[in-house]
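The structure under discussion appears below in the form of structure tokens.
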Amino acid sequence: MPELPEVETVRRSLQTLVTGRVIGRVDVRLPRIVRTPSVDEFVADLQGATIVDVHRRGKYLLIDLGGKTLISHLRMEGRYGVYKAGEGVTAHTHVIFHLDGEKELRYQDVRQFGTMDLLPTSGLHDFAPLVQLGPEPLQKEFTSRYLRDAFSRRSTSVKAALLDQHMVAGLGNIYVDEILFRAKVHPMHSAETLSARALRCIVDETRNVISDAIAHGGSSVKSYVNGYGEQGQYQFALNVYGKTGEPCVNCGASIVKMKVVGRGTHFCPKCQRQPR
DNA sequence: AATGGCCTCCGGACGC
DNA sequence: TGCGTCCGGAGGCCAT
């Protein structure tokens, strides 16, 4: 499940692999992936474009084509790979970008949940999903003061609040569980009543977890691989996610899994006490 | 009106 | 072996 560290790792690999390449024909094999514009316009607009750079905002990959930007969200299982032209196309390959130099950039997605939007680069600031994103966790704007204000009058759980991309961009189910474990905060704790100390811990541990995970190339807990087809290594550093019934690394208590806002949520019942 | 939360998309994994 | 159920990111929709 690509979250910020995985998308950042994909970004870095694609930046190396496809920057400077010229796009030729584009095959859209599963039209639902392309949200805007129409598939015909999408294909026509990409023809002849040069990949200038690859950026990221939250969990969105931004493929910079100069005048246009391809905004790609991997959702659950989207992945990119660069292949030799004509190499056998695997199952679940939904979009093929033919490149110069006998290469193909292919988008694969078992769940078919991923999306692509092609917009004029000058109009990116009007694209609602990007505009509404909260700060990047590693930017200096993401402070405990910011989080206090963002979480005020939020009667929802801290887990739901951290998953909300409007609060902070790029966190998903795995890293929120890890952050709350390290911050010793119960996932059901209400967001608006977190202490100043808890808010500071959450901000610090968000930075720690996200930067460590990026340094390890993300977590491969499902099908995730980077643009080279390589797995991440941070799954071996996870403390609670997927550790149901295993002993807590701090206290030895059994890690518990419960549902919070419809998401499987892992935590240590002893280190992360239920508030009142 | 704003906010929270449930449903939906899909197919692999898993359990009975 | 086969069928039903579960899971999840984010947008749409509905209830309060």
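Note that the coordinates shown come from a computational prediction; the quantities given were computed from them, not determined experimentally.
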Pick the nucleotide of DNA chain B nearest each of A:Arg263 and A:Asp164; which residue has the one closer to the 5' end? A:Asp164
Does a side-chain N-to-carboxylate-O contact under 4.0 Å join A:Glu136 and A:Arg56? yes
Which whole-number value in Å describes the distance from A:His166 NE2 to B:dG4 P? 12 Å
Would you say B:dG5 has OP1 or OP2 under 4.0 Å from some side-chain N or O of A:Thr156? yes
DNA chain C contacts among residues 108-119 of chain A, heavy-atom distance under 4.0 Å: A:Arg111, A:Phe113
Quick one: A:Met76 CE to B:dG12 C1', roughly how many Å, whole number? 11 Å
Indicate, with a heavy-atom threshold strictly under 4.0 Å, whether A:Gly262 touches base, sugar-phosphate, or nothing. sugar-phosphate
N-O pairing of A:Asp164 and A:Arg154 below 4.0 Å: yes
What is the separation between atom NZ on A:Lys59 and atom P on C:dG8, rounded to the nearest whole Å? 12 Å
Quick check on A:Gln233: does its CD atom have over 12 non-hydrogen neighbours (other residues, nucleotides or ligands) under 6.0 Å away? yes
A:Arg35 atom CZ, over 12 foreign heavy atoms within 6.0 Å: yes
Output yes when a side-chain donor or acceptor of A:Gln165 lies under 3.5 Å from a complementary backbone atom of A:Leu163, and no otherwise. yes
Nearest-nucleotide comparison on DNA chain C, the residue closer to the 5′ end among A:Lys257 and A:Gln165: A:Lys257
Donor-acceptor pair, A:Gln272 side chain versus A:Cys268 backbone, under 3.5 Å? yes
Consider the side chain of A:Asn173, meaning its heavy atoms from C-beta on, and name the nucleotide among B:dC9, C:dC7, C:dG9 that approaches it most closely. C:dG9
Length of the line joining A:Lys159:NZ and B:dG4:C1', which is rounded to integer Å: 17 Å
At under 4.0 Å, does any side-chain N or O of A:Lys259 touch on OP1 or OP2 of C:dC6? no
Verify the contact: side-chain N or O of A:His73 to OP1 or OP2 of C:dG9, cut-off strictly under 4.0 Å; return yes or no. no
Taking 4.0 Å as the cut-off, does a side-chain nitrogen or oxygen of A:Arg75 come that near to OP1 or OP2 on C:dG11? no
Closer than 4.0 Å, any side-chain N/O of A:His92 to the OP1 or OP2 of B:dC10? no
A:Ile71 atom CD1 is separated from C:dA10 atom C1', nearest whole Å, by 15 Å
Using atom NE2 of A:His94 as one end and atom P of B:dC9 as the other, report the distance to the nearest whole Å. 17 Å
Should A:Arg182 and A:Asp204 count as an ion pair when the cut-off is N to O under 4.0 Å? no
What is the distance, rounded to the nearest whole Å, between atom CD of A:Glu77 and atom P of C:dG8? 12 Å
Whole-Å distance separating the CD1 atom of A:Ile33 from the P atom of B:dG11: 11 Å
Return the nearest nucleotide to the side chain of A:Arg32; candidates are C:dG9, B:dC9, B:dG5. B:dC9
Return yes if some donor-acceptor pair links the side-chain N/O of A:Glu3 with the main-chain N/O of A:Gly172 below 3.5 Å, else return no. yes
